[in-house]
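Notes follow once the structure below has been shown.
Start at 1 and go down the list; that is how both ligands and their atoms are numbered.
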Amino acid sequence: MQQNSRWHTLETAEDVAFAACRHILNAADSAVSARRKFKLVLAGGSTPEKVYRLLAGSNANWANWHIYYGDERCLPADHKDRNSLMATQVLLDKVAVPAEQIFTMPAELGPEVAAERYRQTVAEAGMFDMVLLGMGEDGHTASLFPGHQHQQDELVHAVYNSPKPPPERISISAKALSNTRELIFLITGANKQEAVNQWRSGQDLPVAGITPENPIDIYIDNAAYKP
Ligand code: 6PG
């Protein structure tokens, strides 16, 4: 487990969403004041949806936000299971982030071409201000799965044989996800307990491989946190 990790245990998934939303908005304010830009990497899966809904109802300097994705499923752009579709419907369609500052992964092009394209995007982004990540029941995060081998210095990986459907995905690498000023894990639900305990007991899970210089923040509900 990352040494410099701050665990925020909260009663419910709603409490987790409120606390994380507040943290993100504060980070955005600091980044925009300091650099006139807030580079945010969105998490996939279902857990972040509550946070995105709260953000959509918040005041922020949306014109200064730059949106990236941590991973994506290689499905048609309008497919219901695309991470980008959920984020767009719940957040991006409701706030004034300029379209040219929303960097959707072209996952519909297939793992190789999409990963190659997005490596350019990540290289141009440089250090992120905030990375959001979820965690799966096997300790995966983004589309970095236990047992999968990747070139460590790649910025974006083409992913095959994902144990979580669909099998083909692309994912920003652990190295590039760790190149961030702040990082938040969002973890809720009893089905995550075992992986959380394995992570905390030092098992080498993908979630433990995200190691930014600054401390990481884990927002977790009581259902997932049973040490
Ligand atoms: C994906 C995600 C994946 C997700 C975890 C948790 O595309 O599936 O990026 O890493 O964060 O699987 O998913 P839930 O939040 O739905 O439990």
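Side-chain contact of Arg200 with Tyr225: a donor-acceptor pair under 3.5 Å is present, judged by distance alone. Looking at Trp199 and Gln2, their side chains do bring a donor and an acceptor atom within 3.5 Å of each other. Under 3.5 Å, the side chains of Tyr52 and Gln89 contain no donor-acceptor pair of N or O atoms.
When heavy-atom distances to ligand 1 are checked against a 4.0 Å cut-off, Asn83 comes that close only through its side chain, counted from C-beta outward. Contacts of Thr47 with ligand 1, taken as heavy-atom pairs under 4.0 Å, involve both backbone and side chain. Contact annotation: for Ala43 versus ligand 1, there are no heavy atoms closer than 4.0 Å.
Protein heavy atom closest to atom 16 (O) of ligand 1, with residue, atom name and distance, is Ser46 OG, 2.6 Å. Summary of contacts: the protein heavy atom closest to atom 5 (C) of ligand 1 is His140 NE2, 3.3 Å. For atom 10 (O) of ligand 1, the closest non-hydrogen atom of the protein is Ala142 O, 2.5 Å.
Checked against side chain to side chain donor-acceptor pair (under 3.5 Å), Gln152 has no partners two or more places apart in sequence or in another chain.
Within the 4.0 Å heavy-atom shell around ligand 1 one does not find Glu72. Not a single heavy atom of Glu137 sits under 4.0 Å from any atom of ligand 1.
Between Arg181 and Asp129, at least one side-chain N (NZ, or NE/NH1/NH2) sits under 4.0 Å from a carboxylate O, which counts as a salt bridge.
Every N/O-N/O distance between Thr141 and ligand 1 stays at or above 3.5 Å.
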